[in-house]
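The structure under discussion appears below in the form of structure tokens.
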There are 2 protein chains.
Amino acid sequence: MLKLTRKVEYALIALRYMDRNKDRRCASAKEISDLYHIPLSLLSKILQTLSKVEIIQAVQGAHGGYILNINPEDFSMTELINILEGPLGIMDCSIDSECSQLDTCNIKSPITKVNNAIINVLNNITLADISEQQSTGLKI
Amino acid sequence: MLKLTRKVEYALIALRYMDRNKDRRCASAKEISDLYHIPLSLLSKILQTLSKVEIIQAVQGAHGGYILNINPEDFSMTELINILEGPLGIMDCSIDSECSQLDTCNIKSPITKVNNAIINVLNNITLADISEQQSTGLKI
DNA sequence: CATATATAAGACTAATTTAGTCTTATTAAG
DNA sequence: CTTAATAAGACTAAATTAGTCTTATATATG
Ligand code: SF4
Ligand code: SF4
């Protein structure tokens, strides 16, 4: 509960790696998959999604891979989550939706404030924040 | 993803109701279940859990029910989530755990900061915040 | 040109988590 | 004694998340 999905984590891992390697021409899915022990097919799908919305740019064929296509400072966690998982909210009614309590719910408006506070946190964290900070492990 | 569970929402609905009815002796699971269209068995289990940790006090037998046993101002969302769902964290490694990326992960420490920020939001929201604020629907 | 190494796309399956049900026992008011 | 409650826990169903597999296409390089 209240967990980020693996898709989002894997995307962050890959995006940070690409950002830190911006000197090199491009990074392949295979390379990232090996380095961080992420299932290749899964990572591929994630990178394809990011490529489709032009967060990263794909280079096809042998020696291909992906290049970061955004300014990390301008790209928030909220945007990433939206791309990979759709609209973000801590309860169903924050988005659409068919909650059977909707008409009688006594917590909808207070919980909406909680929701806004959490979205606000994520809005204010950019890929640069994820990328710049020292990390443990490989530190790449 | 990043959703509150129904258990937590149902608990908040019930706790708010009890808080707003503190004049009455007690509120039964059936009564709350009917008012807010929450499955009775599910709500019962939730209230039993809250009763076991003495957030609410059970009154057995006919005319029984539950009475709020805490000061809403002193009871945070984090505590509630801990009781109903266990330790709170946006990623697996924030708690224990067996993440296969752990040794090479390049985002662990930055993501920990995000985690702390979100937990902080939840720490600072009390049942009083949920209860006091005007709501839509039944407004009970 | 052939081959090896990439991305692209999407169907499919497995695993895990969340939500909800059902059953049986106990308690106390009337 | 009957009725309306809580207590406890096994069980099932639904939904979400994670991961696999397959086939097609693109391109660098020998
Ligand atoms: S806040 Fe109320 S209406 Fe919204 S999803 Fe939760 S229970 Fe349903
Ligand atoms: S932050 Fe890294 S180590 Fe922690 S759960 Fe996510 S992938 Fe695993």
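Below, chains carry the letters A, B, ... as their sequence lines are ordered, and counting in each starts from 1.
- Contact check, Tyr10(B) against dT18(C): no side-chain N or O comes under 4.0 Å of OP1 or OP2.
- Counting only N and O atoms by type, the side chains of Thr5(B) and Glu85(B) include a donor and acceptor under 3.5 Å apart.
- At a threshold of 4.0 Å, the pair Arg6(A)-Asp92(B) counts as salt-bridged, since one of the basic side-chain nitrogens sits closer than that to a carboxylate oxygen.
- Checking dA4(D), dA8(C), dT27(D) against the side-chain heavy atoms of Ala62(B) singles out dA4(D) as nearest.
- Looking at the side chain of Ala58(A), the nearest of the listed nucleotides dG20(C), dA8(C), dA5(D) is dA8(C).
- The distance from atom CG of Leu47(A) to atom C1' of dA9(C) is 14 Å, rounded to the nearest whole Å.
- His37(B) has its NE2 atom 14 Å from the P atom of dG20(C), to the nearest Å.
- Distance from the side chain of Gln60(A) is smallest for dA8(C) among the nucleotides dA8(C), dA28(D), dT21(C).
- Between the P atom of dT23(C) and the CG atom of Leu40(B) lies a distance of 14 Å, rounded to the nearest Å.
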- Query: With the sugar-phosphate defined as primed atoms, P, OP1 and OP2, and the base as all remaining atoms, what B/S/- string results for nucleotides 9-17 of chain D, 5' to 3', for protein heavy atoms under 4.0 Å?
  - Reply: -B------S
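- Comment: Lys113(A) does not engage Asp129(B) in a salt bridge, judged by the lack of any side-chain N to carboxylate O separation of less than 4.0 angstrom.
- Using modelled atom types and a 3.5 Å distance limit, the side chains of Ser76(A) and Glu79(A) yield a donor-acceptor pair.
- Regarding Leu84(B), its CG atom lies at a distance of 12 Å from the P atom of dT18(C), rounded to whole Å.
- In plain terms, the two heavy atoms of Gln48(A) and Tyr66(A) that are nearest each other are CG-OH, 3.9 Å.
- Taking 4.0 Å as the cut-off between side-chain N and carboxylate O, Glu132(A) and Arg20(A) do not count as a salt-bridged pair.
- Between Leu42(A) atom CG and dC21(D) atom C1' the separation is 13 Å, expressed in whole Å.
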